[in-house]
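All remarks here apply to the structure that follows.
We use all heavy atoms of the structure for the numbers below, so side chains are in, but hydrogens, waters and symmetry mates are not. Along the sequence shown, residues carry numbers from 1. Bear in mind the structure is a predicted one, so any value in this text is a computation, not a measurement.
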Amino acid sequence: MDHMTLKVLLTILLLSQSSGLLAAITVNFYEQGGDVVAEASGSLDVSGGTAVAGTDVPFIGTNSTTYFGYIFGAFLPGAQDQYRVPFTSEQPFGPDPGSRPTSSSGDTVGIAGALSGSVTPDADFIYVPGGYTSGDPVSGSSIWSGASLASLTLVPGSYTFTYAEDSITFNVLTSPPTPTPTPTPTPVPTLSTYGLALTAIGLLIVAGRRLRTRRQP
């Protein structure tokens with residue numbers, strides 16, 4: 001295999017493997033049965049940070065000048081990882097001064113950070129299960145029994161926190177999210193199928209170029 005053929009094949013292989021996967025965490029707050037529920041799910045890219053043992057606890061809140069925190073799921077001190085980010089954009093939202101849930105379950109996931117009025121501004125962190133690997137799915141939840149969005153000063157809307165590699169979005173919903181319907185299975189080409197097709201096309205292009213070159217006087 002000559003150099004040009006190898007170069008074309010490598011380019012095609014890289015293109016075929018570019019799945020375009022975007023990691024992100026979404027947290028939905030909503031009222032249900034006289035309680036407020038927060039459900040966090042998704043995945044995160046933590047490749048840009050170094051993990052240390054997390055020491056915070058599940059809570060939500062901000063005082064709008066010095067700190068914010070939104071942490072969910074079952075939390076055992078030292079059993080989850082904490083990564084320093086910092087956030088390049090952030091939208092702290094209620095409640096004030098903060099509220100711990102009645103119960104929490106699932107994976108630990110969340111964020112916390114210091115605002116401009118803090119003695120250590122931009123000391124921002126994300127929380128994930130201990131030993132977390134970038135891209136792994138996480139799912140955690142918290143419940144505030146007998147609470148409402150209003151009592152927790154949660155204003156309906158969408159709030160996003162972004163760092164260099166990824167983002168976390170919080171949605172305060174006026175009604176429970178609608179379950180995503182299960183799609184009917186259909187034969188859809190997989191990424192590997194596309195990759196094989198692109199490789200085949202590449203080989204045909206290379207073969208065509210060689211044939212034209214040989215025919216030239």
Side-chain angles (χ1 to χ4, degrees), residues 19-32 35-62 67-95 98-101 103-115 122-144 149 152 154-180:
S19 60
L21 295 178
L22 297 176
I25 290 289
T26 299
V27 183
N28 291 325
F29 288 91
Y30 57 92
E31 294 180 8
Q32 187 173 60
D35 304 327
V36 170
V37 179
E39 294 180 327
S41 62
S43 63
L44 287 175
D45 184 343
V46 296
S47 61
T50 301
V52 297
T55 57
D56 224 319
V57 296
F59 78 101
I60 57 173
T62 178
Y67 81 94
F68 60 83
Y70 313 96
I71 303 174
F72 314 89
F75 200 98
L76 298 174
Q80 54 284 311
D81 289 341
Q82 170 183 322
Y83 288 85
R84 185 160 184 167
V85 203
F87 291 112
T88 54
S89 64
E90 52 199 20
Q91 294 179 288
F93 59 102
S99 176
R100 293 188 181 183
S103 62
S104 295
S105 61
D107 298 320
T108 300
V109 57
I111 63 174
L115 296 170
D122 296 327
D124 302 330
F125 301 91
I126 56 177
Y127 294 85
V128 289
Y132 182 77
T133 300
S134 286
D136 282 352
V138 292
S139 178
S141 64
S142 292
I143 297 175
W144 290 260
L149 296 180
L152 294 178
L154 291 170
V155 178
S158 184
Y159 309 88
T160 300
F161 295 74
T162 303
Y163 61 100
E165 292 80 22
D166 223 324
S167 65
I168 301 94
T169 298
F170 300 86
N171 299 313
V172 180
L173 308 173
T174 56
S175 61
T178 303
T180 303

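- Two residues are said to be in side-chain contact when any heavy atoms from C-beta on lie closer than 4.5 Å; Phe87 and Phe68 meet this criterion.
- Aromatic pair Phe161/Phe170: ring centres closer than 6.0 Å.
- Every residue meeting the side chain to side chain contact (heavy atoms under 4.5 Å, CB included) condition with Asn171, not counting sequence neighbours, appears here in chain and number order: Thr26, Asn28, Ser158, Thr169, Leu173.
- Glu90 has its side chain within reach of Leu115: a pair of non-hydrogen atoms, C-beta onward, lies under 4.5 Å apart.
- Listed by chain and residue number, nothing satisfies the side chain to side chain donor-acceptor pair (under 3.5 Å) test with Thr133 (two or more places apart in sequence, or in another chain).
- Checked against Val85 for a side-chain contact (heavy atoms from CB on, under 4.5 Å), the options Ile126, Ile111, Thr162 give a single hit: Ile126.
- When all heavy atoms are compared, the tightest approach of Thr108 to Pro129 is O-CD, 3.2 Å.
- Across Asp107 and Pro137, no two heavy atoms sit closer than the pair OD2-O, 4.2 Å.
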List the steps, then state whether side chain to side chain contact (heavy atoms under 4.5 Å, CB included) holds for Ser43 with Asp136. CA-CA 6 Å; Ser43 63; Asp136 282 352; 6.0 Å; no

Quick one: do Val138 and Ile25 satisfy side chain to side chain contact (heavy atoms under 4.5 Å, CB included)? Show the steps, please. CA-CA 8 Å; Val138 292; Ile25 290 289; 3.3 Å; yes

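- Residues forming a side chain to side chain contact (heavy atoms under 4.5 Å, CB included) with Ser103 (at least two apart in sequence, or on another chain): Ile143.
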Set out, in order, the CA-CA distance, both residues' side-chain angles and the distance that settles side chain to side chain contact (heavy atoms under 4.5 Å, CB included) for Phe29 and Phe93, then state yes or no. CA-CA 12 Å; Phe29 288 91; Phe93 59 102; 4.0 Å; yes

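- Side chain of Tyr132 to main chain of Leu44: a donor-acceptor pair is present (N/O by atom type, distance under 3.5 Å, no hydrogens or angles).
- Donor-acceptor pairing under 3.5 Å is recorded for the side chains of Tyr30 and Glu39.
- Atom-to-atom distance recorded for Thr160:OG1 and Gln91:CD is 5.5 Å, nearest 0.5 angstrom.
- Atom CG in Asp45 sits 10.0 Å away from atom OH in Tyr83 (nearest 0.5 Å).
- For Ser139, the side chain to side chain donor-acceptor pair (under 3.5 Å) test picks out no residue, with sequence neighbours left out.
- Interatomic distance, CG of Leu154 versus OG1 of Thr174, reported as 13.0 Å (0.5 Å rounding).
- In terms of the side chain to side chain donor-acceptor pair (under 3.5 Å) criterion, residue partners of Ser105 (sequence neighbours excluded) are, by chain and number, Ser141.
- Within the model, atoms CD of Gln82 and CZ of Phe125 stand 5.0 Å from one another, a figure rounded to the nearest 0.5 Å.
- Nearest heavy atoms, Leu149 versus Glu31: N-OE2, 2.9 Å.
- Val155 places none of its side-chain heavy atoms less than 4.5 Å from the side chain of Val172.
- In this structure Pro101 satisfies the side chain to side chain contact (heavy atoms under 4.5 Å, CB included) test together with Pro58, Ser104, Ser142, Trp144, sequence neighbours excluded.
- In this structure, Glu165 and Gly48 approach most closely via the heavy-atom pair OE2-CA, 3.6 Å.
- Pairing each heavy atom of Gln80 with each of Val128, the nearest pair is CB-O, 3.2 Å.
- For the residue pair Ala112 and Ile71, the shortest heavy atom distance occurs at CB-CD1, 4.5 Å.
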For the pair Val27 and Phe72, evaluate side chain to side chain contact (heavy atoms under 4.5 Å, CB included) and give the outcome as yes or no after the intermediate values. CA-CA 9 Å; Val27 183; Phe72 314 89; 3.7 Å; yes

